[in-house]
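Quick caveat: nothing in here was measured; it's all calculated off a predicted structure.
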Amino acid sequence: SAGNYSIGGLPSGTYFVATQSGYVNEVFDDVLCPGACSVALATGSGRGISVVSGQTSSGVNFALALSGRISGQVRRVGPLSGIAGVTVRAYVRAGAGAVQARSATTDGSGNFTISGLPSGDYYLATDGPAIDEIYGNIACAALCDPIETVNSGQTVTVSGNATTSGVVFDLESGGSVAGTVTDRVSHLPVSGVTVTALRDLGNATVTVASAQTDANGAYTVTGLPGGDYRLTAGNVALLTHVTHVYGGADCAYSCTSTFALTSGTVLTVANGAALTGRDMELLPAGVIKGPLTNGVSGAPIAGAKVLLPFAPDQEPQSFITNAAGGFTIPKLPTGPYRLGTAAASLANEAYDDVVCPSGVCSSAFLLASGTPVTVTAGGTTSGLTLALGALSAAPGPPIALNAVPTPSGITVTWQAPSTGGVATSYSFEGGLAPGTTAATFPTGTPSIVLPPLPSGTYYLCARAVNAFGTGPAS
């Protein structure tokens with residue numbers, strides 16, 4: 001292979017290019033990546049490539065260096081044996097923080113090799129079914145923190161394309177919690193449920209370990225350092241049942257770590273000990289379904305948000321409508337709920353037909369003004385119709401303004417406002433200093449082509465216009 005590449009189908013714009021390989025990866029032009037090249041590194045340090053639609057920008061070449069490796073083994077103490085399935089992560093310093101460079105997973109004998117590493121100093125930590133450690137025999141109270149890893153860990157140095165070997169972790173097994181998860185109504189086992197062990201460290205509540213239930217609803221959470229824990233059972237993908245806190249309540253979308261700590265039963269785990277019989281019953285989830293339509297035209301509103309508030313001082317949960325304007329809110333416990341909408345350029349409302357102030361539905365307003373929608377366990381509440389009228393207000397600011405120089409001039413595009421009333425036209429403005437306007441051009445579309453301009457710095461913006469006024473600048 002000659003190593004040539006081509007990236008096609010690109011619209012006009014500025015792009016940043018990076019490699020993904022088994023070599024030392026780079027962002028163009030000659031910016032080394034500590035492992036995988038991130039978007040932040042590419043856009044912050046790379047050299048932009050100007051692309052004009054239909055033309056080829058060539059000469060974007062890379063000369064990649066061979067990479068080094070770190071190898072070793074992860075073992076379980078008492079007696080020593082290799083542990084399979086442990087992720088070993090290699091971090092590098094990044095100012096006052098840390099960035100993961102690469103990672104590898106141990107094989108059946110506990111062996112690992114992390115490849116693709118540039119020359120430099122690395123700090124390693126484990127993530128697996130035992131008490132995790134930072135390399136240097138530093139046990140972690142939960143998942144090993146990247147910043148703590150680079151500040152406390154033993155340095156592992158990689159040079160050129162050589163392998164630094166002999167990096168060994170000896171991990172304590174820790175304690176465990178086991179039980180069975182069943183359906184609260186049918187009492188049948190529920191598989192695929194994530195059971196999570198949470199621990200209060202004083203300044204933060206952290207996830208220490210988790211496990212999934214098998215076909216019999218059984219689970220075992222392992223690798224727990226000695227201490228006090230709370231358990232939750234449920235996961236985002238499990239739409240059939242409501243998340244539950246062991247010894248506490250059902251919590252659905254309000255299942256925060258604070259809720260778990262205040263409502264759950266404390267489980268005290270001793271290092272090396274096994275707690276069994278910690279069974280949980282999950283409530284079958286209720287569902288709310290309905291369409292969201294334009295009350296004037298009757299057309300479905302796709303890509304809008306239906307809001308579900310839980311507390312006046314918290315942001316509501318949101319659910320996106322599909323191409324037919326339909327929405328589905330799953331995983332709900334039995335109870336009354338209030339709904340609202342967030343659709344661009346329409347008069348958003350609380351169900352049923354209570355218009356929100358200035359077109360914005362806050363949790364406090366929805367809870368105070370909305371009509372309750374009743375949900376029962378395992379049932380579907382459907383037939384709700386949310387029909388929105390036009391918003392009697394000036395448009396908000398246009399978004400995503402982009403200017404692309406071409407041989408024939410400058411093409412400027414933007415997108416319609418996501419807030420305020422519907423834009424019927426636009427006013428494009430240009431100036432020689434921030435906040436100044438030297439020229440104004442009305443346009444009926446969200447784009448304009450400017451003639452070639454003399455060399456210099458120009459400041460451009462667009463404003464949306466409708467019968468209620470002109471909105472703020474982009």
Side-chain angles (χ1 to χ4, degrees), residues 24 32-36 67-176 197 199-210 222-227 229 269-272:
V24 177
L32 293 180
C33 301
S67 61
R69 294 160 295 280
I70 299 173
S71 68
Q73 187 182 29
V74 180
R75 307 182 298 190
R76 192 188 307 275
V77 299
L80 289 175
S81 59
I83 309 176
V86 177
T87 300
V88 182
R89 309 184 192 278
Y91 296 95
V92 295
R93 293 186 186 277
V99 174
Q100 179 178 314
R102 294 272 185 159
S103 66
T105 301
T106 57
D107 62 17
S109 300
N111 298 314
F112 70 90
T113 298
I114 305 174
S115 58
L117 299 173
S119 296
D121 292 337
Y122 295 87
Y123 304 86
L124 276 58
T126 65
D127 180 4
I131 296 179
D132 291 318
E133 281 190 2
I134 297 168
Y135 184 62
N137 199 32
I138 302 171
C140 301
L143 296 175
C144 295
D145 179 71
I147 295 178
E148 182 184 357
T149 300
V150 300
N151 287 339
S152 304
Q154 181 176 325
T155 302
V156 179
T157 301
V158 172
S159 180
N161 64 342
T163 298
T164 302
S165 59
V167 177
V168 176
F169 293 88
D170 288 333
L171 306 184
E172 297 283 348
S173 295
S176 64
R199 188 177 186 186
D200 184 7
L201 298 181
N203 61 342
T205 302
V206 296
T207 296
V208 178
S210 62
T222 61
L224 301 176
Y229 295 86
V269 177
N271 192 26

Notebook entry, point to check: Can you name the nearest heavy-atom pair linking Val269 to Ser176, along with the distance?
Noted result: CG1-N, 4.0 Å

Next item on the list: Kindly give the heavy-atom pair with the smallest separation between Gly166 and Tyr135, and that separation in Å.
Entry: O-OH, 4.2 Å

Checklist line | Atom of Pro225, atom of Val208 and distance for their closest heavy-atom approach | finding: CD-CG1, 3.8 Å

Next item on the list: Write down the atom of Ala197, the atom of Tyr229, and the distance for their closest heavy-atom approach.
Entry: CB-CD2, 4.0 Å

Checklist line | Distance in Å, Ser115 OG paired with Asn161 CG, rounded so as to fall on 0.5 Å steps | finding: 12.5 Å

Checklist line | Donor-acceptor pair, side chain of Asn151 and main chain of Ile147, under 3.5 angstrom | finding: yes

Check: Which pair of heavy atoms, one from Ile138 and one from Ser152, lies closest together, and at what distance?
Finding: CD1-O, 3.1 Å

Taking only distance into account, with no hydrogens and no angle test, what donor-acceptor pairs under 3.5 Å do side-chain atoms of residues 70-86 form with protein atoms, sequence neighbours excluded?
| from | atom 1 | to | atom 2 | distance (Å) |
| --- | --- | --- | --- | --- |
| Gln73 | NE2 | Ser109 | O | 2.9 |
| Arg75 | NE | Asp170 | OD1 | 2.7 |
| Arg75 | NH2 | Asp170 | OD1 | 3.1 |
| Arg75 | NH2 | Asp170 | OD2 | 3.0 |
| Arg76 | NH1 | Ser173 | OG | 3.4 |

Check: Would a 4.5 Å heavy-atom cut-off, applied to side chains only, mark Ile131 and Leu171 as touching?
Finding: no

Note to self: Would you compute the distance between atom OG1 of Thr164 and atom CG of Leu117 and round it to the nearest 0.5 angstrom?
What the structure shows: 8.5 Å

Note to self: With rounding to the nearest 0.5 angstrom, report the SG to CG distance, Cys140 to Asp132.
What the structure shows: 6.0 Å

Item checked: Distance in Å, Ile134 CD1 paired with Gln154 CD, rounded so as to fall on 0.5 Å steps -> 12.0 Å

Check: What closest approach, in Å, do Glu148 and Asp145 show between heavy atoms, and which atom pair accounts for it?
Finding: N-OD2, 3.0 Å

Notebook entry, point to check: Can you tell me how far the CD1 atom of Ile114 sits from the OG1 atom of Thr163, to the nearest 0.5 Å?
Noted result: 11.5 Å

Margin query: Please verify the inter-ring angle class for Phe112 with Phe169; under 30° counts as parallel, over 60° as perpendicular, anything in between as tilted.
Written below: tilted

Next item on the list: Verify, without hydrogens or angle tests, whether Ser119 (side chain) and Gly160 (backbone) share a donor-acceptor contact under 3.5 angstrom.
Entry: yes

Check: Ignoring hydrogens and geometry, is there a side-chain-to-backbone donor-acceptor pair from Arg69 to Ser67 under 3.5 Å?
Finding: yes

Checklist line | Partner set under salt bridge (charged side-chain N to carboxylate O under 4.0 Å, His left out) for Asp127, not counting sequence neighbours | finding: Arg89

Checklist line | Side chain to side chain, Val92 and Tyr122, heavy atoms closer than 4.5 Å | finding: yes

Note to self: Measuring from atom OG1 of Thr149 to atom CD of Gln100, what distance do you get when rounded to the nearest 0.5 angstrom?
What the structure shows: 10.0 Å

